Amino acid sequence: MMDERRDVALAIKSCLDSLLSDATRCDLDDLARFLGLAALAAEEAAVAHDPKAVRLKALMAGGAGHC
C-alpha cells in the first residue's frame, strides 16, 4: 500500500510540475507559486511513504516524467 501511495504522489507531482512550467511560461505568477507549493507537498508525501527516501530525493532532483 505504501508503494501505491508513493506512486500516486509522484504522478501528482509530475503533473503539478508540468502545470507549474506552463503557468510560469504564461506569466501567471500567483498560479505558479500555488502550483510550486502543491508540487512540494506532493514530493513530501512521496518521501513520507518511501522507505528508501534518499533515492527518491535523487529522483526528484532530476526532471523525470511529465504529465
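The figures here come from the full heavy-atom set of this structure, side chains too, leaving out hydrogens, waters and symmetry mates. These figures come from a predicted structure and were not determined experimentally.
To the nearest 0.5 angstrom, Leu28 atom CG is 11.0 Å from Leu20 atom CG. Glu4 CD to Asp7 CG: the interatomic distance, rounded to the nearest 0.5 Å, is 8.0 Å. Of the inter-residue distances, the one linking Lys13 atom NZ with Glu44 atom CD reads 10.5 Å to the nearest 0.5 angstrom. Considering OG of Ser18 and CG of Leu35, their distance stands at 10.0 Å, rounded to 0.5 Å. Here CZ of Phe34 is found 10.5 Å from CG of Leu19. Values are rounded to the nearest 0.5 Å.
At a threshold of 4.5 Å between non-hydrogen side-chain atoms, the residues Leu37 and Arg33 do not count as touching.
Taking each heavy atom of Ala32 and Thr24 in turn, the nearest pair found is CB-OG1, 3.8 Å. Counting all heavy atoms, side chain and backbone alike, Asp17 lies closest to Ala39 at OD1-CB, 3.4 Å. Considering all non-hydrogen atoms of both residues, Ala42 and Ala9 come closest at O-CB, 3.6 Å.
Among residues two or more places apart in sequence or in another chain, the salt bridge (Lys or Arg N to Asp or Glu O under 4.0 Å) test is passed with Asp27 by none. In this structure, the side chain to side chain donor-acceptor pair (under 3.5 Å) partners of Asp22, at least two apart in sequence or on a different chain, are Arg25.
Between the side chain of Ser14 and the main chain of Leu10, no donor-acceptor pair closer than 3.5 Å is present.
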